[in-house]
Amino acid sequence: MNHLFTGYKTLQKLILPALLLSATLSKAQVFGGNPPSIKWKQVNTPPARVIFPAGLDSAGLRVANIVQQMNGPIRPTIGFKQKQISIVLQNQTTVANGYVGLAPFRSEFFLTPEQNSFDIGSLPWPQQLAIHEYRHVQQYNNFNVGLSHLLRIIFGEGGQALGNDLAVPNWFFEGDAVFNETLVSEQGRGRLPYFFTGYRALWAADKNYSYMKLRNGSYRDYVPDHYPLGYMMVAYGREKYGSELWKNVTHDAAAYRGGFYPFQWAVKKYTGESFKTFSNNGFAYFKKQFAEDNNQPVAERKKHFDANRQYPAFVKDSTLIYAKNTYDHLPAFVVKTGDKEVKISTRSYSLDSYFDYHNGKIIYTSYRPDLRWGYRNYSELMLLDTKTGQEHRITSKAKYFSPAFSAMARVLLPYRLIHQE
């Protein structure tokens, strides 16, 4: 009884202030997600129940087999607790993503693959998701300890989610999963040069930001997201202190041993150095490796982050059109002549910035959700006139990606537009 009372008082000290001072986004499950015409099947294995639409049998079996085969070999590096999870394969969406969540404990794979294979790699998409997302399953299974477990008893799975998120930084969740991709497959983002371009660019420009800035991001300067940060910290820790380091660190952190900042406390306990020293050494380890391959001169002019400018297309020798976005303005198409930029039009909401230009016209895809079914959405073609800034949708309820004008279209497009008008 005294133990329970002590645990409750600790809960009050550590968690309730965070509840009062933090704002979180909560969403209900998608209602009416898929049309009833979709028939579902499932494959049951001890680690996962894979649920998939009829016709995707090969994808469902592949995901189940991958999870079953890799589950045993990688458990020693995160923990041996196991609870079966339901994995739902969604094929009605154009979004390339996947997630694992609590309340309820489930995972969903969105089966449209990423368009840029340099970004995520060229593994078959269901295989990539199975390897990456199941590591998150193992994380949640083994982070149900100590104070996080007490929160789960009191508030359900949502309580554990809160406890885990407050104790274990998001970079570890994703960095550990990316490390797992690289460990058990023949690819993984840890092997892709594109994955590290943000940090290589910062260090080539002699910009040595603090851990807190890299951890929290910036509205003034370009800062890579938490995926490469997490991979570098996880990889450095395992390289120097062994494969079981993070199992021990995250177990103590999720249990809130050490009180406030339990993750930093656990890193010091198992490495013998402060977290600040550990993170600085991790950055130095990778910076040294990148420096050996980097002969680029240091940028002479220091400036804060301005904008992303992507996919430049020549109008003529002195004029470019490109997609531009910043943190405080909506993405737009811009024409630049000399040093002068002129906005053509705000871009309709899209999943990527790719477009093609020819003879005063821009073609790109726009994201459009289905009005009835929450898990169904479309990627539709938009045609923009760069002279007037007017655009119109030329497909409906379609799924197109990376459109480009064909050789024949480049000849016939002006003729067709004149006659359509």
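Numbers here simply count residues along the sequence, with the first being 1.
With a 4.5 Å cut-off on side-chain heavy atoms, R152 and E157 count as touching. Between W373 and P36, the closest side-chain pair of non-hydrogen atoms falls below 4.5 Å. Between T386 and I362, some side-chain heavy-atom pair lies under the 4.5 Å cut-off. Within the 4.5 Å cutoff, the side chain of P46 has heavy atoms near those of the Q68 side chain. Contact of the M232 side chain with the F196 side chain is registered, since non-hydrogen atoms from C-beta on lie closer than 4.5 Å. Looking at heavy atoms from C-beta onward, F275 lies in side-chain contact with F263 at the 4.5 angstrom threshold. With contacts defined as side-chain heavy-atom distances shorter than 4.5 Å, the pair F109/W125 does not qualify. Between E114 and S117 the shortest side-chain heavy-atom distance does not fall below 4.5 Å.
Using the six-membered ring where Trp is involved, Y211 and F283 have ring planes that are tilted, between 30° and 60° apart. A perpendicular orientation is assigned to the rings of Y311 and Y354, their planes being inclined by more than 60° (bins at 30° and 60°). F143 and F172 have tilted rings, their planes meeting at an angle from 30° to 60° on a 0 to 90° scale. H132 and H136 have perpendicular rings, their planes meeting at more than 60° on a 0 to 90° scale where under 30° would count as parallel. Using cut-offs of 30° and 60° on the angle between ring planes, the pair F173 and Y140 is tilted.
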(request) Output, in order, the C-alpha distance, side-chain angles, deciding distance and verdict of side chain to side chain contact (heavy atoms under 4.5 Å, CB included) for V95 and T112. (result) CA-CA 6 Å; V95 178; T112 299; over 6 Å; no
(message) Run R347 and S350 through side chain to side chain donor-acceptor pair (under 3.5 Å) and show every step you take.
(response) CA-CA 8 Å; R347 181 191 184 104; S350 302; 3.1 Å; yes
(message) Checking V145 against H251 for the side chain to side chain contact (heavy atoms under 4.5 Å, CB included) test, could you report, in this order, the C-alpha distance in whole Å, the side-chain angles of both residues, the deciding distance, and whether it holds?
(response) CA-CA 7 Å; V145 291; H251 180 277; 3.8 Å; yes
(message) Under the criterion side chain to side chain donor-acceptor pair (under 3.5 Å), I'd like the reasoning laid out for E174 against N170: C-alpha separation, chi angles, the key distance, then a yes or no.
(response) CA-CA 7 Å; E174 298 302 344; N170 63 350; over 6 Å; no
(message) Using the rule given for side chain to side chain donor-acceptor pair (under 3.5 Å), can you reason through E380 versus Y364, listing the C-alpha separation, both sets of side-chain angles and the distance that settles it, and then say yes or no?
(response) CA-CA 8 Å; E380 299 179 344; Y364 70 100; over 6 Å; no
(request) May I have the step-by-step check of side chain to side chain donor-acceptor pair (under 3.5 Å) for Q42 and N44, ending in yes or no? (result) CA-CA 6 Å; Q42 64 174 308; N44 254 303; 3.2 Å; yes
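Under a cut-off of 6.0 angstrom, the local environment of NZ in K399 is crowded, with over 12 non-hydrogen atoms contributed by other residues, nucleotides or ligands. Counting non-hydrogen atoms of neighbouring residues, nucleotides and ligands closer than 6.0 angstrom, the OH atom of Y99 exceeds 12 such neighbours. No more than 12 heavy atoms of other residues, nucleotides or ligands shown are found within 6.0 angstrom of CZ on R62.
For the atom pair CZ of R368 and OG of S396, the computed distance is 7.5 Å after rounding to the nearest 0.5 Å. Separating the CG atom in L351 from the OG1 atom in T365 is a distance of 7.0 Å, to the nearest 0.5 Å. Taking CD of E108 as the start and CG of L129 as the end, the distance is 12.0 Å to the nearest 0.5 Å. Note that CG of N142 and NZ of K83 are 13.0 Å apart. Values are rounded to the nearest 0.5 Å. The line from OG1 of T197 to CZ of F118 is 12.0 Å long, rounded to the nearest 0.5 Å. Put simply, CD1 on I344 and CZ on F333 are 8.0 Å apart, with the number rounded to the nearest 0.5 Å.
When all heavy atoms of F355 and Q310 are compared, the closest pair comes out as CE2-O, 3.9 Å. In this structure, R257 and P262 approach most closely via the heavy-atom pair O-CB, 3.7 Å. Summarising the geometry of Y231 relative to F195, their closest heavy-atom pair is CB-CE2, 3.9 Å, with the distance given to 0.1 Å. Residues P224 and L202 come closest through the heavy atom pair CD-CD1, 3.6 Å. Residues L192 and G121 share a closest heavy-atom pair of CD1-N, 3.5 Å. Annotation for P53 and L89: closest pair CD-O, 3.3 Å, computed over non-hydrogen atoms.
A donor-acceptor contact under 3.5 angstrom links the side chains of T77 and R135, judged on distance only. A side-chain donor from one of N325 and N308 sits under 3.5 Å from a side-chain acceptor of the other. Between the side chains of N208 and K287, a donor-acceptor pair is found at a separation under 3.5 Å. For the 3.5 Å distance criterion, the side chains of R49 and S86 qualify, holding a donor opposite an acceptor. Looking at Y219 and D328, their side chains never bring a donor and an acceptor atom within 3.5 Å of each other. In summary, the side chains of Q138 and N71 do present a donor paired with an acceptor at a separation below 3.5 Å, with no hydrogens or angles considered.
For the pair K269 (side chain) and N248 (backbone), a donor-acceptor distance under 3.5 Å is absent. Judged by distance alone, the side chain of T395 and the main-chain N or O of A398 form no donor-acceptor pair under 3.5 Å. Between the side chain of S148 and the backbone N or O of A254 there is at least one donor-acceptor pair closer than 3.5 Å. With Y256 contributing its side chain and G163 its backbone, the two residues share a donor-acceptor pair below 3.5 Å. Judged by distance alone, the side chain of D385 and the main-chain N or O of Q390 form no donor-acceptor pair under 3.5 Å. Panel note: side chain T93, backbone R376; no donor-acceptor pair is recorded below 3.5 Å. Checking side-chain atoms of S185 against main-chain N and O of T182 turns up no donor-acceptor pair under 3.5 Å. Side chain of Q82 to main chain of N141: no donor-acceptor pair is present (N/O by atom type, distance under 3.5 Å, no hydrogens or angles). Between the D252 side chain and the A266 main chain, no donor and acceptor come within less than 3.5 Å of each other. In this structure a side-chain-to-backbone donor-acceptor pair under 3.5 Å is missing from E181 to Q128.
Of the candidates F286, F278, W246, Y236 forms a ring-ring contact (aromatic ring centres under 6.0 Å, His included) with just one, namely F278. Of the candidates F401, Y400, Y378, Y349, Y367 forms a ring-ring contact (aromatic ring centres under 6.0 Å, His included) with just one, namely Y349. When the options N164, D176, T250 are evaluated for a side chain to side chain donor-acceptor pair (under 3.5 Å) with Q139, the one that passes is D176.
Taking 4.0 Å as the cut-off between side-chain N and carboxylate O, R238 and E244 do not count as a salt-bridged pair. Look at K268 and E273 and you find no salt bridge, because none of the NZ, NE, NH1 or NH2 atoms lies under 4.0 Å from a carboxylate O. Classification of K361 and E391 as a salt-bridged pair fails, no side-chain N sitting under 4.0 Å from a carboxylate O. Looking at R106 and E133, no side-chain N of the basic residue comes within less than 4.0 Å of a carboxylate O on the acidic one, giving no salt bridge.
In this structure, K213 forms a cation-pi arrangement with Y209, its terminal cationic atom sitting closer than 6.0 Å to the ring centre and no more than 45° off the ring axis.
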